[in-house]
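Sharing a structure with you now.
All of these numbers come straight from a predicted model, not from anything done at the bench. Keep in mind that the numbers below use all heavy atoms, side chains included, and drop hydrogens, waters and symmetry copies.
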Amino acid sequence: HPLQPFDPRNFRADAPFGFDAAELAGARATQRHSRDPVAPSGLAVETLAPPVLTDVDLDDLVAFLVHPSQGFLRQRLGVRIPELDEGIVDALDVELDPLAKWNLGDRMLEARLAGMSAADFRAAEWRRGTLPPYALGEKVLDDVTYEVEGLVAACAPVHAGRAQTVDVVFDLGDGRRFTGTVGGVHGTVVARSTYSKLGPKHRLTAWVQLLAVAASGRPGQWKAVTTGRSRSRLPAWRSTLLAPADAAEQLRRLVDLRDRGLRTPLPMVTGASSEYAERRHRGDSVEMAITAASRAFGGAFGDGQDRHVSYLHGSGVTLGALTDPKPLDDERSWFDDPSRFGVLARRLWEPLLASENQARP
């Protein structure tokens, strides 16, 4: 016997179990939605009403652009995909997992840039009770300290003096405003330093914050300096972004991308989209850029392994599913790439790449 009273099997002519008119309406509704046109994600997004275009918050825009799949689920559907519950660990760790080690390094970097000595931080960290015991914990602290001190040497001049906070209010037109707060401002520099390896999300965050400050009419030649660990043997790697003359227009274009992405899921992902755009910016062909993007998507830590991407686009999704849709009519004038994936990737990344310099600090 079906568990749910609105199960369509309850109303079959050969074995009727249901006699309630309301439940019959529910059974018909489930069958109707199963036949609705669906997006490549598998979600029946065609049934969603158009989103109401309201004021835009800086943090919401950043969150959407650095992770479009998560942005659609959270900001449009109000859905949060939970982490896997690993249960309560009641044993004493003999080593830190990668996330715990990153948390340690990030705390140490923040404290050191705020003026705390390495010795004081190490003493406080021992008292937190999160380190492995004795020599095991000492080794972890030594390894993280070595990496952090290399970052501090590179970052300290950028973070000299007390950081300021800038409130941003910008008129987007059509009765909409863009608002937010940008911290870590030193003069006309938006400074960010992270224990993470410098990646697309850090650069995008800095870009949006830089555009916001520049578009708000603040005087000066603004730039954003973001420093993180290098992916090679270098101790640090830095992205320097100069604010473009058309910062206001660039910011409106990013808001437009978010507006489009809240109507229906966009074929955009963090790593593969940035890889594609960077390859095309360097002059690679579409085929070469797609090949590089596929590697970024399908790697052990690629976009295809992200739980938000899997939830939205389906388990086992490949980059081919995202590169199949063609650009919309009003998007064809942006770039001549054959896929919507490529056009949107370049729409997001090309202005940033044209304003960026990456180098060892």
Margin query: Ignoring hydrogens and geometry beyond distance, is a side-chain donor-acceptor pair present between T205 and R192 at under 3.5 Å?
Written below: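 R192 and T205 do not have a side-chain donor-acceptor pair below 3.5 Å.
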Notebook entry, point to check: When rounded to the nearest 0.5 angstrom, what is the spacing between CG in L77 and CG in L312?
Noted result: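 Taking CG in L77 and CG in L312, the distance rounds to 8.0 Å.
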Notebook entry, point to check: Would you say the side-chain atoms of E147 pair up with the backbone N or O of G105, donor to acceptor, closer than 3.5 Å?
Noted result: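 It does not hold such a pair.
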Note to self: To the closest 0.5 Å, what do you measure between CZ (R128) and CZ (R107)?
What the structure shows: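 One gets 4.0 Å once the value is rounded to the nearest 0.5 Å.
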Checklist line | With D330, the salt bridge (Lys or Arg N to Asp or Glu O under 4.0 Å) member among R347, R340, R260 | finding: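 The option that passes is R260.
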Margin query: For S193 and H159, which I'm curious about, is there any donor-acceptor pair between the side chains at under 3.5 Å?
Written below: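 The criterion, which ignores hydrogens and geometry beyond distance, is satisfied for H159 and S193.
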Margin query: Donor-acceptor check, side chain of H67 to backbone of T270, threshold 3.5 angstrom: yes or no?
Written below: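 No: the side chain of H67 does not pair with the backbone of T270.
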Checklist line | Donor-acceptor contact present, side-chain D303 to main-chain A272, <3.5 Å | finding: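 Present.
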Note to self: More than 12 heavy atoms of other residues, nucleotides or ligands under 6.0 Å from CZ of R177: yes or no?
What the structure shows: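 No, CZ of R177 has 12 or fewer neighbouring heavy atoms, counting only those of other groups under 6.0 Å.
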Item checked: Donor-acceptor contact below 3.5 Å, side chain D20 vs main chain A22 ->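 It does hold such a pair.
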Notebook entry, point to check: Taking the side chain from R332 and the backbone from P327, do they hold a donor-acceptor pair closer than 3.5 Å?
Noted result: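 Looks like yes, one N/O pair under 3.5 Å.
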Margin query: With clusters defined by side-chain heavy atoms of hydrophobic residues (ILVMFWY) lying less than 4.5 Å apart, directly or transitively, does L254 cluster with V168?
Written below: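 Yes: a chain of side-chain contacts under 4.5 Å links V168 to L254.
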Notebook entry, point to check: Is any NZ, NE, NH1 or NH2 atom of the basic residue among E350 and R280 found under 4.0 Å from an Asp or Glu carboxylate oxygen of the other?
Noted result: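 No.
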Note to self: Please report the interatomic distance CZ(R80) to CG(L73), rounded to the nearest 0.5 Å.
What the structure shows: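 One finds 11.0 Å between CZ of R80 and CG of L73.
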Margin query: Any carboxylate oxygen within less than 4.0 angstrom of a Lys/Arg side-chain nitrogen, looking at R263 and D259?
Written below: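 Salt bridge between R263 and D259, a charged N being under 4.0 Å from a carboxylate O: no.
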Next item on the list: To the nearest 0.5 Å, tell me how far L131 CG sits from L141 CG.
Entry: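 These two atoms lie 5.0 Å from each other.
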Item checked: Distance (rounded to the nearest 0.5 Å) between R346 CZ and E331 CD ->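 Between R346 CZ and E331 CD, I get 14.0 Å after rounding to 0.5 Å.
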Check: Do S355 and W207 pass the side chain to side chain contact (heavy atoms under 4.5 Å, CB included) test, and can you show the C-alpha distance, the side-chain angles, and the key distance before you say yes or no?
Finding: CA-CA 9 Å; S355 303; W207 177 242; 3.6 Å; yes
Notebook entry, point to check: Under the 3.5 angstrom rule, does the side chain of T227 hit a backbone N or O of R238 as a donor-acceptor pair?
Noted result: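 A pair under 3.5 Å: no.
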Next item on the list: Give a yes or no on whether a salt bridge exists between R122 and E125, defined as a side-chain N under 4.0 angstrom from a carboxylate O.
Entry: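 Salt bridge absent between R122 and E125.
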Check: Do E278 and W349 have a side chain donor and acceptor closer than 3.5 Å?
Finding: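 Short answer, no.
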Item checked: Rounded distance [0.5 Å steps], NE2 in H202 versus CH2 in W237 ->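 Here the interatomic distance stands at 16.0 Å.
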Next item on the list: Kindly indicate whether the side chain of R279, heavy atoms from C-beta on, has any atom under 4.5 Å from the side chain of T291.
Entry: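 The answer is no, as the side chains (C-beta and beyond) never meet within the 4.5 Å cut-off.
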Notebook entry, point to check: Checking R307 side chain against I81 main chain: does a donor-acceptor pair fall under 3.5 Å?
Noted result: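 A pair under 3.5 Å: yes.
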Checklist line | SB check D143 K139 (cutoff 4.0 Å) | finding: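 Looking at D143 and K139, the cut-off is met.
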